[in-house]
Amino acid sequence: MRARLRPPRTLKVTRMGRTYLVVTFGVGLGALNTGNNLLYLVLGLLLSVIILSGVLSERCLRDLTVRRVGVDGAFAGEPFAFRWGITRREGHAFALTLSEADSALTGEGSVGYLPAGAEHVVRADLTAPRRGPMKLLGVRVTTTWPLGLFAKTRVFELPGTLLVYPRRGFACGPPEDAAVSHVGEAPSPRRLDGTGDLAGLRELGEHEDARRVHWLKSASANRLLKVEREREERRTYVLEVRSGLEAEALERRCEEVAEQAHRLIEAGHEVGLELPGQRLRPGAGSGQERALLRALAWLGFEDEREEEAA
């Protein structure tokens, strides 16, 4: 409904523009009271500049095409990189500012000069106030060109959804009771040929992989020395968000689980997730962490997810 009632263009007077309008109004009053032809001429010049500014700014907003490039990962409460692609079919555009219209996202990106025919990717640091899905309705394009007196805006209808992950930086300890079993490559972390801490150097044997040769030490010793590292112990954890949590308690628990999952996966462990009505199998790597974050982001917004799927 808000999009339907929105005018095709909106105009906002800048601080400089307000000063300019006051001066123009004053000159107009002076011309009426004194009948001085010079004042009439100045008044006409000032009004002509206003008309010229409106015509040129309108030309900047024509023939534009905008699309969302997307975001790598949006976390609540901290800036994240967001990108739009903007293209102009004909002519040139100047001093364009892009932002999300009718959204809780804050921040904007800008492009000083946009030539015709080539897509320009505009990057902005946006901030989302909360976790969960955020409806995106359109992209707002604003220009103050040519004189900075007025900010003319055009909104491109572009519906979409941005999924915001839980806030990072929650200080928490490792999970106490979530460890399930050892699934490492070896039963002892002291076994060598792993990816853990440095255990020592030894001479490279015949038919052994040369990728682990320490070339600096080998050059000083005049023989090939192989780096030996401890095998890391990998474990499996299943983190849990209990049912019945609401509002602030749910947010805090989601932030805590997200931070614990990040630390455990960074350490090479496998992490699963137990949510009300949903279970994610344990896994490792950045893909698993992204799946956990997505599940946490949708927690409490299941109705919106069903609407989007429908």
Side-chain angles (χ1 to χ4, degrees), residues 1-66 68 79-116 120-129 134-158:
M1 180 61 71
R2 182 183 298 180
R4 293 180 180 178
L5 298 178
R6 180 187 298 119
R9 302 286 191 277
T10 57
L11 191 67
K12 181 180 179 181
V13 183
T14 64
R15 185 175 182 180
M16 184 187 304
R18 287 194 293 270
T19 304
Y20 186 89
L21 291 178
V22 170
V23 172
T24 303
F25 185 73
V27 172
L29 287 180
L32 290 177
N33 292 332
T34 62
N36 191 320
N37 291 334
L38 180 59
L39 290 180
Y40 281 120
L41 181 62
V42 173
L43 178 62
L45 179 62
L46 294 175
L47 293 176
S48 299
V49 169
I50 294 176
I51 296 174
L52 180 64
S53 175
V55 172
L56 293 179
S57 62
E58 176 61 26
R59 288 177 60 87
C60 271
L61 297 179
R62 286 183 177 178
D63 299 324
L64 294 178
T65 304
V66 180
R68 289 192 186 93
F80 57 88
F82 197 89
R83 298 173 183 85
W84 302 275
I86 183 169
T87 309
R88 185 175 174 87
R89 291 189 295 273
E90 297 178 356
H92 307 273
F94 305 90
L96 299 177
T97 302
L98 283 77
S99 61
E100 288 295 331
D102 304 326
S103 170
L105 297 174
T106 57
E108 59 185 23
S110 62
V111 51
Y113 170 64
L114 181 65
H120 186 88
V121 177
V122 181
R123 181 187 183 280
D125 290 334
L126 303 186
T127 304
M134 301 193 67
K135 295 291 184 182
L136 304 179
L137 303 178
V139 180
R140 181 189 297 113
V141 181
T142 302
T143 182
T144 57
W145 196 76
L147 301 175
L149 302 178
F150 306 97
K152 181 172 285 188
T153 298
R154 177 185 177 186
V155 176
F156 295 82
E157 305 299 333
L158 201 61

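Just so we're clear, the structure is a prediction, and the values are computed from it rather than from any experiment.
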Roughly how far, to the nearest 0.5 Å, is the CG atom of Leu64 from the OG1 atom of Thr87?
-> 9.0 Å
State, to 0.1 Å, how close Phe80 and Leu105 come at their nearest heavy-atom pair, and which atoms those are.
-> CZ-CD2, 4.0 Å
With sequence neighbours left out, the residues meeting side chain to side chain contact (heavy atoms under 4.5 Å, CB included) with Arg83 are Val69, Asp72, Ala81, Val121, Arg123
Anything under 3.5 Å between a donor and an acceptor, one on a side chain of residues 138-147, the other on a protein residue two or more places apart or in another chain? List them.
unit_1 : atom_1 : unit_2 : atom_2 : d
Arg140 : NH1    : Ser99  : OG     : 3.0
Thr142 : OG1    : Thr153 : OG1    : 2.9
Thr143 : OG1    : Phe94  : O      : 3.0
Thr143 : OG1    : Ala95  : O      : 3.2
Thr143 : OG1    : Trp145 : N      : 3.2

Flag, side chain of Ser110 to backbone of Leu96, donor-acceptor distance under 3.5 Å | no
Nearest 0.5 Å please: distance from the OH atom of Tyr40 over to the CG atom of Leu32.
-> 5.5 Å
Smallest separation among heavy atoms of Val27 and Leu39, with atom names | CG1-O, 3.8 Å
Residues which pass ring pair (Phe, Tyr, Trp, His ring centres under 6.0 Å) with His92, listed by chain and number, not counting sequence neighbours | Tyr113
Supply the atom-to-atom distance Leu136 CG to Arg68 CZ, rounded to the nearest 0.5 angstrom.
-> 4.5 Å
What residue pairs, at least two apart or across chains, pass salt bridge (charged side-chain N to carboxylate O under 4.0 Å, His left out) with a residue in residues 54-64?
-> Arg9-Glu58, Glu58-Arg62, Glu58-Lys152, Asp63-Arg89
Is there a donor-acceptor pair under 3.5 Å between the side chain of Thr24 and the backbone N or O of Tyr20?
-> yes
Taking atom CG of Asn36 and atom CG of Leu43, what is their separation to the nearest 0.5 Å?
-> 12.0 Å
Identify the heavy atoms of Ala128 and Met134 that sit nearest to each other, and give their distance.
-> CB-SD, 3.9 Å
Grab the two heavy atoms, one from Ala124 and one from Gly109, that are nearest each other, plus how far apart they are.
-> CB-N, 3.4 Å
Taking only residues two or more places apart in sequence or in another chain, which ones pass side-chain hydrogen bond (donor to acceptor under 3.5 Å, both in side chains) with Arg18?
-> none
Side chain to side chain contact (heavy atoms under 4.5 Å, CB included) involving Leu21 - partner list, sequence neighbours excluded | Val13, Ile50, Phe150
Distance col, row Leu46:CG vs Leu41:CG, nearest 0.5 angstrom, shows 9.5 Å
Could you tell me whether the side chain of Val155 reaches within less than 4.5 Å of the side chain of Glu157, counting heavy atoms only?
-> yes
